[in-house]
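Worksheet: one structure, shown below.
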Amino acid sequence: MRRMRTQRLLAFLLAVAAMAALLFIARPYLHGLSFVVRAAEIQGRWRRAADFDTTTITEREITIPTTRGSLRARVYAPERSRRTALLTSGLHPSGIDEPRLVRLARQLAESGITIVTPDIPELSHFVISAAITDTIADAALWLAGDSRLAPDHHVAMLGISFSGGLSVVAAGRPAVRDRVSYVLSFGGHDDLPRVLRYLCTGSEPLPTDQLRLNGDQSTEVLTRPPHDYGVAVMLYGMAERLVPRAQVEGLRAAVQRYLLASALDTVDQPQAAIAFDELREAARKLPEPSRTLMRYVNDRDVVHLGPHLLPYVGQYGGDPALSPSRSPKPTASVFLLHGTEDNVIPSVESEYLANDLRGHAPVRLLLSGLISHAEADRPAHLGDVLQLASFWGDLLSR
C-alpha cells in the first residue's frame with residue numbers, strides 16, 4: 001500500500017512538474033498574445049483576459065542630453081520592469097504626442113518594458129537626415145548609462161517606419177553596440193535610396209534569394225502604387241534642387257501645410273478637407289515651377305511628380321548613416337516586423353535587411369497581413385494573430 005502511495009505521489013509530482021514546465025515554455029507566447037489583443041484593441045472576453053497580463057504604469061517627461069543639445073523625452077514606467085527601451089517615432093508633426101505612438105508606448109509599458117520616447121525635431125519637421133541617426137545613438141547611449149532607468153546598462157532600440165532602419169544603423173555604431181539588448185525595426189528600410197526610387201516609380205527589385213509571397217519565382221520586381229505621402233516628404237527635402245532659391249521657402253511652406261493636413265486627416269477629416277481646399281487656393285498663387293509641383297502634390301499625382309524627384313534620390317538619401325545596407329551592422333538580436341501591403345516602405349525592404357544582417361546578428365523576420373504601414377489595422381485572421389503573438393512574445397521576454 002505504501003509503495004502504491006509513493007508511486008501515485010511521484011506521478012502527481014511529475015504531472016505538476018510537467019505542467020509547470022509547459023507553463024514556463026508557453027508564458028512568452030501568452031504574454032505576446034496579450035499584447036497583440038490589446039494592440040489590436042480587441043474587446044470582450046479576450047480583452048478582459050489580456051488585461052490580467054498588464055501592470056500599472058506612470059508617465060513623466062525628462063530631458064536627454066545629446067551632442068546637439070537637450071532633447072525632450074517622455075518615460076512610460078511600469079510598476080514592474082524587465083527591460084528599458086528607446087522607442088523612436090516615424091515622421092509626424094505631433095512628435096512624441098502622436099496618438100498612435102502614445103498608445104503603443106503605453107501598451108508596451110503595460111507589458112513590463114520601461115519605454116522612453118525621444119522628441120527628435122527632424123522627425124516632426126519631415127526631414128530625413130543623418131542627424132536623426134546621431135540623436136538616436138546619443139539618446140540610447142545616455143539611457144543605457146542611467147542606472148535609474150536602465151539598471152543593467154543595456155537598452156532595447158525600437159524604431160517605427162523610417163526610424164526603424166535608422167535605429168538599426170545607430171545600434172551598429174561602436175559606441176552603442178555593446179549596450180544594446182535588441183533592436184526592432186517596425187516597417188523600416190534597409191537601403192534608403194532604393195525606397196526613394198520606389199516612391200518615385202512604384203517599383204522595387206525583389207531579393208533574388210527569397211521566396212515571393214505569391215509563390216511566383218518569375219517575378220523580379222515589386223510593383224505597387226506608392227503612397228503620395230512619401231513623394232511629398234521628398235519634395236520638401238529636395239526643394240532647393242527643383243526650384244529657384246527665391247521659391248524654396250514658399251514651396252516648402254506649402255508642402256508642409258499639405259503634410260500637416262494629411263496628418264489631420266487621420267483624426268478629423270472635415271477639418272482636413274477644409275485645410276486641403278485652402279491649400280489648393282494658396283498653391284495657385286505660387287510662381288512656376290513651384291505651382292506645378294504643388295499641383296502634383298495636391299492631386300496626389302505620384303506619376304508626374306516622381307520623375308522630377310528621381311534624379312536627386314542618390315544625393316538626398318545616399319548618406320551611409322541613413323541606410324543599414326551601407327553601415328556597420330549591430331551584433332544584438334534584430335526583430336523585423338513589416339506589413340505585406342505597405343506602400344510607403346515596401347515589405348521587401350525588411351527581407352533585404354534580414355539578408356544583410358545574417359552573419360552579423362540573430363534576426364527574426366515577420367511579414368504580416370495584419371499590418372499596414374507600421375500599424376496594426378487589418379481584419380484579424382487566426383494564423384496572423386498567432387504569428388504576431390509568437391513574435392511579440394519572443395521580443396517582450398528578452
Side-chain angles (χ1 to χ4, degrees), residues 29 32-33 35-37 39-42 89-91 100-101 104 107 158-168 183-192 194-231 233 266 302 323-325 334-358 363-395:
Y29 180 84
L33 182 60
F35 175 80
V36 171
V37 168
E41 297 188 335
I42 297 172
S89 70
L91 303 171
R100 292 171 299 181
L101 178 73
L104 176 61
Q107 290 161 346
L158 319 179
I160 299 173
S161 185
F162 287 102
S163 291
L166 302 186
S167 293
V168 174
V183 188
L184 167 68
S185 172
F186 192 175
H189 66 282
D190 178 47
D191 190 85
L192 183 59
R194 186 170 56 224
V195 173
L196 299 179
R197 284 191 289 272
Y198 161 75
L199 290 170
C200 291
T201 65
S203 63
E204 176 167 1
L206 296 171
T208 56
D209 60 343
Q210 294 290 309
L211 291 174
R212 298 277 49 80
L213 296 176
N214 60 7
D216 183 2
Q217 293 297 301
S218 65
T219 303
E220 298 180 354
V221 178
L222 166 75
T223 302
R224 179 177 294 126
H227 200 291
D228 59 279
Y229 169 86
V231 287
V233 170
T266 63
V302 177
S323 298
S325 64
V334 180
F335 292 82
L336 306 175
L337 180 61
H338 217 125
T340 54
E341 300 301 315
D342 193 334
N343 64 347
V344 177
I345 299 176
S347 61
V348 293
E349 280 297 310
S350 283
E351 295 185 64
Y352 276 116
L353 183 50
N355 288 342
D356 281 344
L357 291 172
R358 289 189 177 105
V363 179
R364 178 161 184 173
L365 167 67
L366 177 60
L367 307 181
S368 174
L370 283 180
I371 301 167
S372 58
H373 182 60
E375 104 182 76
D377 62 355
R378 300 300 180 89
H381 298 286
L382 181 60
D384 289 324
V385 171
L386 296 179
Q387 285 185 326
L388 280 170
S390 176
F391 181 92
W392 282 107
D394 187 5
L395 183 146

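No experiment lies behind these values; they were computed from the predicted model shown. Just so it is clear, the values below take in all heavy atoms, side chains as well, and ignore hydrogens, waters and symmetry mates. Sequence positions, counted from 1, serve as the residue numbers for this chain.
The shortest non-hydrogen separation linking Tyr229 to Leu91 is OH-O, 2.8 Å. Of all heavy-atom pairs between Ser350 and Gly188, the closest is OG-O, 4.0 Å. Taking each heavy atom of Ser163 and Ser89 in turn, the nearest pair found is OG-O, 2.5 Å. Minimum interatomic distance between Leu365 and Ala354 (heavy atoms only, all atoms of both residues): CD2-CB, 4.2 Å. Pairing each heavy atom of Val334 with each of Val168, the nearest pair is CG1-CG2, 4.5 Å. The minimum heavy-atom distance between Ile160 and Leu104, with the atom names listed, is CD1-CD2, 3.7 Å.
Expressed to the nearest 0.5 Å, how far OG1 of Thr223 lies from OH of Tyr198 amounts to 9.0 Å. Here CG of Asp190 is found 11.0 Å from CD1 of Ile345. Values are rounded to the nearest 0.5 Å. Between atom CZ of residue Phe391 and atom CG of residue Leu386 there is a gap of 15.5 Å, rounded to the nearest 0.5 Å. Note that CZ of Arg364 is 11.5 Å distant from CG of Leu336, once rounded to the nearest 0.5 Å.
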**Request:** Check the pair Ser323 / Ser325 against side chain to side chain donor-acceptor pair (under 3.5 Å), numbers first and verdict last.
**Result:** CA-CA 5 Å; Ser323 298; Ser325 64; 4.5 Å; no
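Put simply, the side chain of Trp392 reaches to within 4.5 Å of the side chain of Leu184, judged on heavy atoms. Taking the side chain as every heavy atom from C-beta outward, Leu388 and Leu337 approach each other to under 4.5 Å. Counting heavy atoms from C-beta on, the side chains of Leu158 and Ser167 never come closer than 4.5 Å. Under the 4.5 Å side-chain criterion, counting only non-hydrogen atoms from C-beta, Pro207 is in contact with Val348. Within the 4.5 Å cutoff, no side-chain heavy atoms of Leu366 are placed close to those of Phe335. With a 4.5 Å cut-off on side-chain heavy atoms, Leu367 and Glu351 count as touching.
Of the candidates Asp342, Leu192, Val195, Glu349 forms a side chain to side chain contact (heavy atoms under 4.5 Å, CB included) with just one, namely Val195.
Using a cut-off of 4.0 Å between Lys/Arg side-chain N and Asp/Glu carboxylate O, Glu204 and Arg197 are scored as not salt-bridged.
Looking only at distances, no side-chain donor or acceptor of His189 sits under 3.5 Å from a matching main-chain atom of Arg194.
For Ser347 and Arg224, the side-chain atoms include no donor-acceptor pair closer than 3.5 Å.
In this structure Thr266 satisfies the side-chain contact (heavy atoms from CB on, under 4.5 Å) test with no other residue, sequence neighbours excluded.
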